[in-house]
Amino acid sequence: MISEDTIVAISTPIGSSGIGIVRMSGDKAFVIARKIFSPSSRTKVSWTSSFKMYHGWILDPETKEPVDEVILSLMRAPRTYTREDVVEINCHGGLVPLRKILEICLREGARLAEPGEFTKRAFLNGRIDLSQAESVLEIVQAKTEKTLNLAIKSLRGELSNHILSIREEMIDILSILEAEIDFAEEEIEILPEKEKEKYLDNLIQKLENLLDRAKTSQVYREGIKAVIAGKTNVGKSSLLNTLLERERAIVSHIPGTTRDTIEETINIKGFPVCIIDTAGLGIAKNPLDEEGAKRTRNSLKMADIILRMGDGSSSLEKEDEKVFATVKELKKQTLLIINKIDLPQRINKNKLREIFPHLHPVEISATQGSGLGRLKTEIANLILKKITPTSEDLMINMRQKNCLEKTKKCLIRAKEGLENNLSVEFLALEMREGIEHLDELTGRSLGEEVLNRIFSRFCIGK
Ligand SMILES: Nc1nc2c(ncn2[C@@H]2O[C@H](COP(=O)(O)OP(=O)(O)OP(=O)(O)O)[C@@H](O)[C@H]2O)c(=O)[nH]1
Ligand SMILES: [Mg+2]
């Protein structure tokens with residue numbers, strides 16, 4: 001499907017930068033470029049060339065005035081990102097030149113691209129399947145190197161290849177089942193029941209393996225939520241700031257400084273960890289305290305890990321016990337942190353040991369930065385407990401996981417049907433539905449609406 005429209009967009013972030021790129025894709029891309037580009041004196045442009053770059057100027061065709069000095073890249077279909085003719089204009093990365101060049105392209109007949117439309121065209125024109133298109137988004141949004149590696153694997157087609165091979169096997173079985181339906185009257189059984197069962201088991205196992213890999217990739221992709229909880233003034237906001245290496249949250253000696261929850265993501269040993277600073281839990285003295293505490297409790301409910309913080313320089317108080325009780329009730333993975341170890345210590349460690357017999361506190365000084373290495377190691381260890389990373393890891397997003405799960409359900413129903421002597425027609429039906437779900441995953445069969453929803457998550461120009 002080669003689209004009629006020629007699309008254009010600014011493909012680099014808006015702001016001041018060394019260069020900015022305006023990208024065009026479609027039949028008219030070269031025609032428009034020819035009208036607006038004037039090569040520098042000794043340059044001769046071969047408009048039939050592909051993957052060539054030319055130095056020159058963009059001229060406004062209406063006024064003949066130069067707009068910016070640029071490098072023009074010409075890429076001829078079909079060996080391009082979208083499989084259409086693509087032109088990229090590298091201009092200076094200021095908002096005005098970029099906007100002006102975009103405006104001229106629009107005036108000359110291009111249309112403003114929708115979010116993700118370049119990648120959507122790559123998919124619709126068959127260069128990549130849907131799971132690869134989605135991995136482009138993962139690459140753009142990757143928060144850590146590990147996520148990037150996983151997304152690159154997907155873009156190179158690793159998930160697609162697995163799906164393709166499972167699909168092939170299902171088609172093989174389906175064709176045998178259909179032959180058996182055709183010969184139903186002769187009661188010919190091409191594949192004995194035991195064999196069918198073996199095939200189904202094998203397919204279910206393969207899907208389960210893929211789904212297992214999804215568990216790991218989810219943590220790598222989305223990371224985990226770590227909530228810092230403790231009574232007021234123990235140094236929760238100070239820890240957030242130290243981990244971020246900037247003054248994100250207000251810190252003060254006045255108890256109750258933080259009222260709202262503050263979230264920031266950092267990279268801990270390759271995992272994106274969303275650190276959430278909360279209002280201190282304690283005895284509410286006014287409605288604001290109460291609202292803050294409510295938000296803290298909500299964050300705690302969503303937490304994957306709780307960083308339970310105590311102040312080493314003060315003895316345990318009633319408020320501490322209240323926090324302990326709240327955290328214990330949640331039965332979540334918890335790290336016990338004792339802060340302010342740079343000051344004389346008053347905290348009763350024996351009592352702490354009684355309350356949390358299985359936790360070894362990590363001692364830190366949030367303001368001086370000591371103990372942070374160990375804290376990060378402990379957080380990473382808790383994450384590793386949740387997953388078992390291997391070189392086999394694959395990135396599978398929620399949508400893809402859903403499709404895999406639906407296929408697996410069809411295969412399980414088919415197997416149960418086999419055990420209960422249901423007709424071959426029934427098995428064929430389940431098999432066909434299972435294949436359809438795999439096709440949804442790769443985008444072989446998917447409604448326009450779902451497609452639009454997927455690509456709308458991309459940025460404009462991608
Ligand atoms: N000496 C020392 N002081 C610290 C340390 N961490 C925090 N403080 C101080 O303790 C006070 C409270 O710190 P915050 O980070 O605002 O504490 P908080 O837990 O966020 O407090 P609330 O937002 O009120 O719940 C500030 O004066 C900090 O400078 C530390 O490791 N050592
Ligand atoms: Mg605070």
Side-chain angles (χ1 to χ4, degrees), residues 143-144 147 219 222-282 284 288-314 319-320 322-324 326-327 330 332-343 347 356 359 361-383 386:
K143 291 196 185 82
T144 67
T147 334
V219 174
E222 289 158 25
I224 56 132
K225 280 189 188 328
V227 176
I228 315 174
K231 69 170 186 192
T232 50
N233 229 24
V234 292
K236 300 180 293 299
S237 304
S238 303
L239 175 61
L240 174 80
N241 289 349
T242 307
L243 287 171
L244 288 175
E245 295 173 16
R246 66 188 165 93
E247 299 304 305
R248 170 69 180 84
I250 301 173
V251 163
S252 89
H253 64 280
I254 304 164
T257 302
T258 309
R259 299 287 193 171
D260 219 335
T261 48
I262 301 173
E263 298 190 15
E264 289 290 338
T265 300
I266 58 165
N267 179 342
I268 296 188
K269 308 209 185 263
F271 299 105
V273 180
C274 176
I275 305 276
I276 303 170
D277 176 26
T278 60
L281 282 173
L288 262 184
D289 289 344
E290 246 164 56
E291 182 56 33
K294 200 170 106 194
R295 286 176 190 212
T296 302
R297 278 193 295 272
N298 283 342
S299 297
L300 284 170
K301 272 186 214 143
M302 318 244 280
D304 297 301
I305 292 179
I306 297 174
L307 305 177
R308 161 69 187 99
M309 187 183 260
D311 177 349
S313 70
S314 68
E319 284 175 310
D320 278 300
K322 209 171 157 187
V323 184
F324 287 140
T326 314
V327 170
L330 290 165
K332 296 207 176 188
Q333 280 184 315
T334 304
L335 258 188
L336 197 54
I337 300 173
I338 296 181
N339 189 30
K340 307 195 189 181
I341 53 157
D342 53 297
L343 298 176
I347 197 163
F356 289 110
L359 297 182
V362 183
E363 300 191 355
I364 64 162
S365 165
T367 46
Q368 302 200 340
S370 51
L372 289 187
R374 186 168 158 227
L375 177 63
K376 287 183 184 171
T377 308
E378 295 282 342
I379 293 176
N381 286 345
L382 284 189
I383 300 171
K386 286 184 182 291

Q | For the student: nearest non-hydrogen atoms of I262 and A249, plus distance | A | CD1-CB, 3.7 Å
Q: Could you grab the distance from atom CD1 of I266 to atom SG of C274, nearest 0.5 Å is fine?
A: 9.5 Å
Q) Do the charged groups of R374 and E378 touch, with an N to O distance under 4.0 Å? A) yes
Q) Just how far is it from atom CG of N241 to atom CZ of R248, taken to the nearest 0.5 Å? A) 8.5 Å
Q: Just jot down the side chain to side chain donor-acceptor pair (under 3.5 Å) partners of T334, sequence neighbours excluded, or say none.
A: none
Q: Check whether any side-chain heavy atom of F324 sits under 4.5 Å from a side-chain heavy atom of L336, and report yes or no.
A: yes
(Q) Using 0.5 Å steps for rounding, measure from the OG1 atom of T242 to the CG atom of L372. (A) 6.0 Å
(Q) Go through it in stages, so that I can follow the logic: the residues are V251 and T257, the test is side-chain contact (heavy atoms from CB on, under 4.5 Å), and I'd like the CA-CA distance, side-chain angles, deciding distance and then a yes or no. (A) CA-CA 7 Å; V251 163; T257 302; over 6 Å; no
Q | Nearest non-hydrogen partners of T278 and A229, listed with the distance | A | OG1-CA, 4.1 Å
Q.
Nearest 0.5 Å, please: how far is CG in L243 from OG in S238?
A. 11.0 Å
Q. Side chains of I275 and I228: closer than 4.5 Å at any heavy-atom pair?
A. yes
Q) How far apart are the C-alpha atoms of I337 and L239, what are their side-chain angles, what is the distance that settles it, and do they pass the side-chain contact (heavy atoms from CB on, under 4.5 Å) test? A) CA-CA 10 Å; I337 300 173; L239 175 61; 4.1 Å; yes
Q: Look at the side chain of T296 and the backbone N and O of A279, then say whether any donor-acceptor pair between them is shorter than 3.5 Å.
A: yes
Q: Start with the C-alpha distance between T258 and K236, add both sets of side-chain angles, then the distance that settles side-chain contact (heavy atoms from CB on, under 4.5 Å), and finish with yes or no.
A: CA-CA 9 Å; T258 309; K236 300 180 293 299; over 6 Å; no
**Q.** Beyond-backbone contact of I379 with L382, side-chain heavy atoms, under 4.5 angstrom
**A.** no
Q: State, yes or no, whether a side-chain contact exists between L343 and D311 at a heavy-atom distance under 4.5 Å.
A: no
Q: Could you tell me which residues satisfy side-chain contact (heavy atoms from CB on, under 4.5 Å) with N381, sequence neighbours excluded, listed by chain and number?
A: T377, L384
Q) Got a sec, which residues hit side chain to side chain donor-acceptor pair (under 3.5 Å) with N339, two or more places apart in sequence or on another chain? A) none
Q. Within the side chain of T326, is there an N or O that forms a donor-acceptor pair under 3.5 Å with the backbone of K322?
A. yes
Q.
Testing the basics here: between P255 and T232, what is the closest heavy-atom pair and its distance to 0.1 Å?
A. CB-OG1, 3.6 Å
Q: Write down the atom of A366, the atom of G235, and the distance for their closest heavy-atom approach.
A: CB-O, 4.2 Å
Q) side-chain contact (heavy atoms from CB on, under 4.5 Å) with S365: which residues, sequence neighbours excluded? A) I341, D342, T367, Q368, S370
Q: With sequence neighbours left out, write down each residue that passes side chain to side chain donor-acceptor pair (under 3.5 Å) with R297, or none if nothing qualifies.
A: none
Which side-chain N or O atoms in residues 298-309 pair as donor and acceptor under 3.5 Å with protein atoms at least two apart or in another chain?
| from | atom 1 | to | atom 2 | distance (Å) |
| --- | --- | --- | --- | --- |
| S299 | OG | R295 | O | 3.2 |
| D304 | OD2 | K225 | N | 2.7 |
| R308 | NH2 | D320 | OD1 | 3.4 |

Q) Considering all heavy atoms of both residues, which atom of K269 and which atom of N267 are nearest to each other, and what is their separation? A) N-OD1, 3.7 Å
